[in-house]
Amino acid sequence: MHKKKFRKITASAIAVLILSLTIKIFIFARDYSSLSEKIITSPLSPSQATALQTVLNKTYPDRSPSYIAPLPYKVKEAELEISAKSAILFDATTGSVLYKKNSSEKIPPASLTKIVEMFVVLDQVERGNISLDDIVPLPPESWAENLPLDASRMGLTEDSHVTLRDLLTGLAVVSGNDASIAVANYVCGNMEDFVKKMNEAVLQAGLSQTQFVESSGYSEKNITTAKEFASFARLYINTFPYALDEFHAKKHLGKMENTNKLLWTLDGCDGLKTGYIEESGYNICVTAKRRGNRFVSVTLGGPGNSTKEGNEGRVKDNTLLLEFAFNNFADYKANHHYQVKVLGAKEDSFFAIPATSESLTVPFIKGNSVADSVKEVRAIARLPNRMKGSVQVGEKIGTICYILGDITLNEIPLVADRNIEEGNFLQRTWGSIQSILLPQKVKTIED
């Protein structure tokens, strides 16, 4: 009797299960083609977001804020008459190099060195070790009267009462070597230990041809290349963007003018730094922003028999470089992500996202302006309509290609934004049934 009752119950349960599966299969078969639009993918948790960034930064070095490289497509090489020995021009957003001349030649950076000094200081501020409002004691070696006669200075004296913010302004605006010495001693207690931090910073940025022996740039033993300094300038701007308005864009410090004369002559210029010693010639790192596009130029070894001639050369070279950039290139920026269904897993879906930045440097080849060319960029994604089983964060799922006319501007991998674990027995079984009705295939999406 009990066996018969048990069999009846078991048979009923099986019937209910079969009916349930039949209904699910019917519903799935009815609208599987639009299923991807109905699923809801939850936002990443903080831990998932951290895991994603960690994997992508390790796998794709071009995500680094100091990364610079040639354009990923071919363009006619610019023919510019640059008087400086060495030069480079790049897009601050993408890191794409638009022009270069002897960019690997080793040249003393002179007071461009102070940008690295400011990076170290601002990093210590970000870590909470010091504050920009700290009152800084001034050792005798930082008093202006004790500096070499040809050294630039902000005019510190024994009785000066200055904050760290004041000293960084003195570094950026008038290139004060007195401020440089005071800052180094305040942050690390002595110049030697501070310079160690500077050299650690450039090594961490991947620079192998750049090295410093003191923080002001007065020594010819400090060395860099235009390419490496450009890389560090991009890191500096990306890491501390507020430093441009806070320090570098200021035209005056008291009655003293900023040494960067392009602040007066170049539309959108808001930095960055000049440098000169006899062994290097006239150096400068310049940045300007217009209509959301920021470009940076570095020229080293500029000619000139006087400060007036040196400034004229720096202004002419870098105006030519940056106007060339603004007239011929602009940035395309996007934020594509694609929902991907997962069968037989604990979660229903994830997002396939570009592995690297979607910012692209677009050339002026269509329309009446470079802005018209940006509007003509098409994004074409290719990825599977669904996945099955587990998925690993950062796993390549497909690609997204950016096209302007007949030119492929770039092709970037699409990767999974999270880990997806394989489901339990019932989930895997249901996933297998679904996969019969929804075979995996590559779909193309154009935006």
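Keep in mind that the numbers below use all heavy atoms, side chains included, and drop hydrogens, waters and symmetry copies.
For the pair I88 and K227, the tightest heavy-atom approach, listed with the atom from each and the gap, is CD1-CA, 3.9 Å. Closest of all the heavy-atom pairs between N258 and L263 is ND2-CD1, 3.3 Å. Between P439 and N385, the closest heavy-atom pair is O-ND2, 3.2 Å. The two atoms that bring M118 and L168 nearest to each other are CE-O, 3.8 Å, heavy atoms only. Across all their heavy atoms, A92 and V296 have their closest contact at CB-CG2, 3.9 Å.
Inter-residue side-chain proximity for Y218 and S180 is flagged as unmet; no heavy-atom pair is nearer than 4.5 Å. With contacts defined as side-chain heavy-atom distances shorter than 4.5 Å, the pair L360/S96 does not qualify. When side chains are defined from C-beta on, T356 does not count as touching N410, because their heavy atoms never get closer than 4.5 Å. In this structure, H248 and Y236 have side chains that are in contact, with non-hydrogen atoms separated by less than 4.5 Å. Considering only heavy atoms from C-beta on, F232 stays 4.5 Å or farther from C285 through its side chain. Two residues are said to be in side-chain contact when any heavy atoms from C-beta on lie closer than 4.5 Å; I284 and N260 meet this criterion. Between R234 and S66, the closest side-chain pair of non-hydrogen atoms is not below 4.5 Å. Inter-residue side-chain proximity for T408 and C401 is flagged as met; some heavy-atom pair is nearer than 4.5 Å.
Contact check on D267 versus R290 returns a salt bridge, with a Lys/Arg side-chain nitrogen under 4.0 Å from an Asp/Glu carboxylate oxygen. A salt bridge does not link K221 with E279: every distance from a Lys NZ or Arg NE/NH1/NH2 to an Asp or Glu carboxylate oxygen is 4.0 Å or more. With respect to K197 and D193, no salt bridge is recorded, no charged nitrogen being found less than 4.0 Å from a carboxylate O. Here E312 pairs with K308 in a salt bridge; the nearest charged N to carboxylate O distance falls below 4.0 Å.
Taking CG of D62 as the reference point, atom CG of N57 lies at 10.0 Å (rounded to 0.5 Å). To the nearest 0.5 Å, atoms OG1 (T399) and CD (E411) are separated by 4.5 Å. Summarising the geometry, atom CZ belonging to R314 is positioned 9.0 Å from atom NZ belonging to K261; distances are rounded to the nearest 0.5 Å. In this structure, NZ in K366 is found 9.5 Å from CD1 in I407, a value given to the nearest 0.5 Å. Here the CD atom belonging to E246 is positioned 5.0 Å from the CZ atom belonging to R165, to the nearest 0.5 angstrom. Atom CG of L98 and atom CG of L322 lie 9.5 Å apart (nearest 0.5 Å).
A donor-acceptor contact shorter than 3.5 Å links the side chain of S86 to the backbone of N102. With hydrogens and angles disregarded, no donor-acceptor distance shorter than 3.5 Å links the side chain of S64 to the backbone of P61. Between the side chain of E228 and the backbone N or O of S208, at least one donor-acceptor pair lies under 3.5 Å. A side-chain donor-acceptor contact under 3.5 Å links Q427 to the backbone of N424. Judged purely by atom type and a 3.5 angstrom limit, R428 uses its side chain to pair as donor or acceptor with the backbone of G423. Of the possible donor and acceptor atoms, one in the side chain of T50 sits under 3.5 Å from a partner among the backbone N and O of P46.
Shown here is E446, whose CD atom has more than 12 heavy atoms of other residues, nucleotides or ligands within 6.0 Å. Atom NZ of K101 has more than 12 neighbouring heavy atoms from other residues, nucleotides or ligands inside a 6.0 Å radius. Heavy-atom contacts from other residues, nucleotides or ligands closer than 6.0 Å to CG of N305 number 12 or fewer.
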Assess whether side chain to side chain contact (heavy atoms under 4.5 Å, CB included) is satisfied between I115 and F229, documenting all intermediate values. CA-CA 10 Å; I115 294 179; F229 201 85; 3.9 Å; yes
For I400 and E358, what are the C-alpha separation, side-chain angles and deciding distance, and is it a side chain to side chain contact (heavy atoms under 4.5 Å, CB included)? CA-CA 10 Å; I400 182 167; E358 281 192 272; 3.9 Å; yes
Check the pair M198 / T113 against side chain to side chain contact (heavy atoms under 4.5 Å, CB included), numbers first and verdict last. CA-CA 9 Å; M198 292 176 63; T113 300; 3.6 Å; yes
Evaluate I397 against F350 for side chain to side chain contact (heavy atoms under 4.5 Å, CB included), listing each step before the verdict. CA-CA 11 Å; I397 304 300; F350 63 91; 4.0 Å; yes
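T94 and T361 are linked by a side-chain donor-acceptor pair at a separation below 3.5 angstrom, with hydrogens and angles left out of the test. No hydrogens or angles considered: nothing links the side chains of H337 and D417 as a donor-acceptor pair under 3.5 Å. If you check the side chains of D317 and S83, you find a donor sitting under 3.5 Å from an acceptor. For the residue pair D166 and T163, a side-chain donor N or O sits within less than 3.5 Å of a side-chain acceptor on the partner. Counted by atom type alone, E214 and N222 present one or more donor-acceptor pairs between their side chains at under 3.5 Å. Under 3.5 Å, the side chains of N283 and K273 contain no donor-acceptor pair of N or O atoms. Side chains of S359 and D331: a donor-acceptor N/O pair is absent below 3.5 angstrom, by distance only.
Contacts classified as side chain to side chain donor-acceptor pair (under 3.5 Å) and involving residues 343-352 (residues at least two apart or in different chains) are given here: T41-S349, K346-E421.
Taking T307 as the reference, Y282, N311 meet the side chain to side chain contact (heavy atoms under 4.5 Å, CB included) condition, with sequence neighbours excluded.
For the side-chain hydrogen bond (donor to acceptor under 3.5 Å, both in side chains) test with K114, the passing option among S215, S216, S175 is S175; the others fail. With F295 as the partner, the ring pair (Phe, Tyr, Trp, His ring centres under 6.0 Å) test is satisfied by one option alone out of F326, F324, F329: F326.
The aromatic rings of F240 and Y242 stand perpendicular to each other, their planes meeting at an angle above 60°, with 30° marking the opposite boundary.
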